[in-house]
Amino acid sequence: MLGSGCYIPWAQAQAPVPNSGGIYSCIDAQGRRLTADRPIPQCIDREQRELSPLGTVRRVIGPTLTEQERAQLEVQRRKEQEERTQLAEERRRERVLLARYPNQMAHDAERAEALTQIDLVTAAAVKRIAELQEQRKALDLEMEFYRKEPSKAPMSLRRMMAENEADVLEQQRFIASQDREKRRVHQRFDIELAQLRQLWLAQRGPLIPLSASSAGVGAAAVGSPPPPYMTPRPPAVSAAP
């Protein structure tokens, strides 16, 4: 925006309008300044200005854009819009994060709660493995009768032993997955904490160093001379008649 005018494309400037006494001015490709009482064709590829009779800028007329230039401009506008949208979304997430974790104590408490839940399900899996191991001892004891000829062991016994082994492997895989989940939880909370520390610091604002403030007070005290000591005047004594 220049003066009271506005920036408009050449095609719009070419629309027939009543002559209002305006003067069009531009500098062409050869560096010459051209003036006319209507949009100047020699400056179709560059900026030109419409001036009032007093010399003030009414509006600025932009150059004519080719189809490719218009497409590039549209791509640039979309990119800028996406960046603005992404920035607004990041600011929204930051506000939500600050509302959820006003301080590190709240963040540490939620981290501990998340880890506790993982430890609980892991403990349940460990307990299940212990139960399966006890079952396996009973199955192995029963299998002792068929140690010399395992092929004569009942199919039900062999099936229970296979199921026992499969259950133990499943619980072990589950425990390993919970260990990976704990690492992911720690990583997520570490990333959040690094971001939150910056947000908390920004909320508090800049801090004035204590040494600087103390120096200022000291300088003021040294620079100001003490008030002069005033000797009290004795009361006037009236003369005896």
- What are the two closest non-hydrogen atoms of G22 and E50, and how far apart are they? CA-OE2, 4.0 Å
- Task: Applying salt bridge (Lys or Arg N to Asp or Glu O under 4.0 Å), run through R78 and E74 and close with a yes or a no.
- Result: CA-CA 6 Å; R78 290 180 181 176; E74 182 63 23; 3.4 Å; yes
- Query: Is there a path of hydrophobic side-chain contacts, each under 4.5 Å between heavy atoms of I, L, V, M, F, W or Y residues, that connects L201 with L98?
  - Reply: no
- Separation between CG (L97) and CD (E94), nearest 0.5 Å, reads 8.0 Å
- Would you mind telling me which of R84, R77, E83 makes a side-chain hydrogen bond (donor to acceptor under 3.5 Å, both in side chains) with Q81? R84
- Item | Crowding at CD, Q198 (>12 non-hydrogen neighbours, <6.0 Å) | no
- Query: Side chains of H107 and R100: do they bring a donor and an acceptor to under 3.5 Å?
  - Reply: no
- Query: Short question: side chain of T56, backbone of S52 - any donor-acceptor pair under 3.5 Å?
  - Reply: no
- Regarding E80 and Q76, is there a side-chain donor-to-acceptor distance under 3.5 Å anywhere? yes
- Do you know the tightest heavy-atom contact between C26 and Q48? CB-CB, 3.4 Å
- Item | Y101 OH to R111 CZ distance, which is reported to the nearest 0.5 Å | 10.0 Å
- If you measure only the distance, is there a donor-acceptor pair under 3.5 Å linking the side chains of E131 and Q135? no
- Taking every non-hydrogen atom, the tightest pair across A114 and F189: CB-CE1, 4.3 Å
- Transitively linked via ILVMFWY side-chain contacts under 4.5 Å: L193 with L199? yes
- In terms of hydrophobic clusters joined by side-chain contacts under 4.5 Å, are F145 and M143 together? yes
- Minimum-distance pair of heavy atoms, taken over all atoms of Q42 and L34: CB-CD1, 3.8 Å
- How long is the gap from CG on D140 to CD on E144, to the nearest 0.5 Å? 7.5 Å
- Cationic N near anionic O, under 4.0 Å, R183 to D190: no
Could you tabulate the donor-acceptor pairs under 3.5 Å formed by side-chain atoms of residues 159-176, not counting sequence neighbours?
unit_1 : atom_1 : unit_2 : atom_2 : d
N164   : ND2    : L132   : O      : 2.9
E165   : OE2    : R136   : NH1    : 3.1
E165   : OE2    : R136   : NH2    : 3.3

- Message: I need the E113 CD to E110 CD distance, nearest 0.5 Å.
- Response: 8.5 Å
- Show the numbers, then the answer: is there a side-chain contact (heavy atoms from CB on, under 4.5 Å) between Q117 and L120? CA-CA 5 Å; Q117 295 301 320; L120 288 175; 4.2 Å; yes
- Item | Nearest heavy atoms of W200 and N103, plus distance in Å | CZ2-C, 3.2 Å
- Should E192 and R188 count as an ion pair when the cut-off is N to O under 4.0 Å? yes
- Task: Show your reasoning for whether side-chain contact (heavy atoms from CB on, under 4.5 Å) applies to L196 and Q104.
- Result: CA-CA 8 Å; L196 281 166; Q104 186 168 347; over 6 Å; no
- Task: Output, in order, the C-alpha distance, side-chain angles, deciding distance and verdict of side-chain contact (heavy atoms from CB on, under 4.5 Å) for V57 and L51.
- Result: CA-CA 5 Å; V57 177; L51 308 176; 3.8 Å; yes
- Query: What are the two closest heavy atoms between Y24 and R59, and how far apart are they?
  - Reply: OH-NH2, 2.9 Å
- Message: As an exercise, state the distance from CD1 of I44 to CD1 of I61, rounded to the nearest 0.5 Å.
- Response: 11.5 Å
- Determine, stepwise, if the pair E89 / T85 fulfils side-chain contact (heavy atoms from CB on, under 4.5 Å). CA-CA 6 Å; E89 179 62 20; T85 302; 5.6 Å; no
- Message: Taking OH in Y146 as the centre, count heavy atoms belonging to other residues, nucleotides or ligands within less than 6.0 Å. Is the count above 12?
- Response: yes
- Does the pair E181/R184 count as a salt bridge with the N-to-O cut at 4.0 Å? yes
- Can you tell me how far CD1 of I27 sits from CD of E47, rounded to the nearest 0.5 angstrom? 10.0 Å
